[in-house]
J.: 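This is the structure I have questions about; it appears just below.
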2 protein chains.
Amino acid sequence: MKGKVLIIEDEEEIGELIQLFLSNEGLDSFLAVSAEQALNYLDRESFDLVVLDLNLPGMDGFEFLLDFRKHYTIPVIIVSARSSDEDVIAGLGLGADEFVTKPFKPKLLTARIRALIRRSSKYSQQQRLIFRFGDYELDYDGYLLKKKGEIVNLSTREIEVLRFLIENSGKVLSPDDIFTSVWQQEYGDISAIAVYIQRLRKKIEEDYRNPQYLKTIHGKGYIFIKDFIK
Amino acid sequence: MKGKVLIIEDEEEIGELIQLFLSNEGLDSFLAVSAEQALNYLDRESFDLVVLDLNLPGMDGFEFLLDFRKHYTIPVIIVSARSSDEDVIAGLGLGADEFVTKPFKPKLLTARIRALIRRSSKYSQQQRLIFRFGDYELDYDGYLLKKKGEIVNLSTREIEVLRFLIENSGKVLSPDDIFTSVWQQEYGDISAIAVYIQRLRKKIEEDYRNPQYLKTIHGKGYIFIKDFIK
DNA sequence: ACAGAATTTTAAAAGAAATAACAATTTGTT
DNA sequence: AACAAATTGTTATTTCTTTTAAAATTCTGT
């Protein structure tokens, strides 16, 4: 996956910060400091995703979006200081993509960007994304896990947590990372994570006390190991 | 499926709003602010569907429809503030394919547009549209579901619900979405949905307690999953 | 080996969806 | 019209999922 992201943000410092996060994730990004400049870029190059700050000088984010949507279908992540803007966007039927409230956690933003790019590039390829590990097959957007062809009964949340872990397999994810990305909330009861980790282990590990896939890194979080050596 | 939609709506803001919804769904659309302009467009370009507001200045929606139907057979969705207009249209024997009352839910409108385009593009190809999943074949027009050639006994409502789910397969549909689209009413008893989901599962799933096609997304709704992985 | 921190485990309350059984309505048949 | 059969809609109950809380265990550094 090689994503090209257009960031529209008038505060250059914040824009460059986002660029930094994205380059750490292996994503190319371009920064436009106004809606006008952004439309120019879009005219000349193709992007996979747009990160849009609503509060812009001159043509504002809403106007941009209205115009943008007439010509482009790529996903947009909206960044805004006021969470009430979300209702406005939704009311306009613009709520297709994602909404992130300032101040945001960098990891949350990059996780969503990656997920969106994957989802939309897959559609263009008309190809289903399936993760395989051991005897398992996880259908990314099918909410379905099979073991040797048999459906494993996982609840919605269980699948969502598993999906996030697998998407980031090989990386250590803190309970906080998991919470912000799966629950899509900044605050809440993080102790739920441990409960879900345990439920997943009981359902997918041979011996849930000795997990092969879903390991704990004490003090750091959890990590999903795709291929282990026997 | 690449649909081209002509919107006839004198209030430009509403027209642009509809365009917005449609572009979010990957559909091209053109806006005409009067019946006269619309006829001009139709003369020059070919469209797959027309969305018509009845209340127009100059030549009104009824007159337009009367004239339009002499020349074109493409489907029409009528948008109107007065639900009594539906009777008038029907009384005139005018072939409107769908009727939507203002204010409408964006999702409802786009779902109907998508369904109509799919159904009618098949006519132009003189080809029956059949949706296949697993051993099943769903014939859209015939209200027929076959499993390995054998007809599966589904009631009308059951087929309608299934069809709606399949038309939007891969998307999560809330009970409310299903209700508004299938029952074509804004308000009513939504608990019926769960009952129909269950009836469908019993008829099409191998193990209705572990569905592979018709999945529940807890807290969100239901999703129809086409097959994956062999 | 100990204290404190982090994680796992268990349990139970709250919320959502599935189920079964029934009543009302529609449809077809004689 | 009267009846039977099938479909549709409604409701109460059960089951499952999610969330929350707290106790038990394990881990880490000293």
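All values below were derived from every heavy atom in this structure, side-chain atoms included, with hydrogens, water molecules and symmetry-related copies excluded. Each chain gets a letter, A, B and so on, in the order the sequences are listed, and its residues count up from 1.
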J.: Between E137(B) and R132(B) (salt bridge meaning N to carboxylate O under 4.0 Å), is one present in this structure?
T.: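 A salt bridge is present here (some side-chain N lies under 4.0 Å from a carboxylate O).
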J.: Between I197(B) and I217(A), which has a closest nucleotide on DNA chain C that is more 5'?
T.: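 Looking at the nearest nucleotide for each, I217(A) comes out on the 5' side.
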J.: Do the side chain of R163(A) and the main chain of Y140(A) share a donor and acceptor less than 3.5 angstrom apart?
T.: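 At least one qualifying donor-acceptor pair exists.
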J.: In this structure, is the centre-to-centre distance between the rings of Y72(A) and F47(A) below 6.0 Å?
T.: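 No, they do not, as the ring centres are separated by 6.0 Å or more.
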J.: Could you check whether T156(B) gets within reach of a base, just the sugar-phosphate, or nothing at all, counting any heavy atom under 4.0 Å?
T.: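 Touches sugar-phosphate only.
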J.: Check the phosphate of dG9(D) against R157(B), side-chain N and O only, distance under 4.0 Å to OP1 or OP2. Yes or no?
T.: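 For dG9(D), OP1/OP2 do have a side-chain N/O of R157(B) under 4.0 Å.
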J.: Taking for each residue the nucleotide of DNA chain C with the nearest heavy atom, is it K220(A) or K220(B) whose nucleotide lies nearer the 5' end?
T.: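 Whichever sits nearer the 5' end wins; that is K220(A).
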J.: Ignoring backbone atoms, test whether K202(B) places a side-chain nitrogen or oxygen under 4.0 Å from the OP1 or OP2 oxygen of dA20(C).
T.: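 So the side chain of K202(B) is within the cut-off, an N or O lying under 4.0 Å from OP1 or OP2 of dA20(C).
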J.: What's R199(A) touching, base or sugar-phosphate or nothing? Going by heavy atoms closer than 4.0 Å.
T.: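 Base, at least one base heavy atom under 4.0 Å.
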J.: Can you see if the side chain of T216(A) gets near the phosphate of dA6(C) - specifically, an N or O under 4.0 Å from OP1 or OP2?
T.: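 T216(A) to dA6(C) OP1/OP2: no side-chain N or O under 4.0 Å.
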J.: I want to confirm an ordering. Mapping D189(B) and A192(A) to their closest nucleotides on DNA chain D, which one lands closer to the 5' end?
T.: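 This one resolves to D189(B).
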J.: Could you say whether N153(A) or W183(B) is positioned toward the 5' end of DNA chain D, judged by the nucleotide with the nearest heavy atom to each?
T.: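 Its nearest nucleotide being more 5', the pick is W183(B).
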J.: Report yes or no: does Q19(A) contribute a side-chain atom to a donor-acceptor pair with the main-chain N or O of E16(A) at less than 3.5 Å?
T.: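 Looks like no, no N/O pair under 3.5 Å.
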J.: What contact category does G219(B) fall into here, base, sugar-phosphate, or nothing, at under 4.0 angstrom with non-hydrogen atoms?
T.: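 It contacts sugar-phosphate atoms only.
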J.: Under a 4.0 Å threshold between the charged nitrogen and the carboxylate oxygen, would D135(B) count as salt-bridged to K147(B)?
T.: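 Salt bridge absent between K147(B) and D135(B).
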J.: What is the distance from CG of L200(B) to P of dA17(C), rounded to the nearest Å?
T.: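 Those two atoms, CG and P, are 17 Å apart.
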J.: Would you tell me if any nitrogen or oxygen in the side chain of R209(A) comes within less than 4.0 Å of OP1 or OP2 on dT26(D)?
T.: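 Checking dT26(D) against R209(A), no side-chain N or O comes under 4.0 Å of OP1 or OP2.
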J.: Kindly say if Q198(B) contacts the phosphate of dA18(C), meaning a side-chain N or O under 4.0 Å from OP1 or OP2.
T.: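 Checking dA18(C) against Q198(B), no side-chain N or O comes under 4.0 Å of OP1 or OP2.
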J.: For a quick test of reading the model: is some side-chain N or O of Y222(B) closer than 4.0 Å to OP1 or OP2 of dA18(C)?
T.: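 Y222(B) to dA18(C) OP1/OP2: side-chain N or O found under 4.0 Å.
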J.: So, is Y196(B) near the phosphate of dG9(D), with a side-chain N or O under 4.0 Å from OP1 or OP2?
T.: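 Yes, within the criterion.
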J.: Using only side-chain N and O atoms of R201(A), determine if any of them is under 4.0 Å from OP1 or OP2 of dT9(C).
T.: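 False: R201(A) side-chain N/O out of range (4.0 Å or more) of dT9(C) OP1/OP2.
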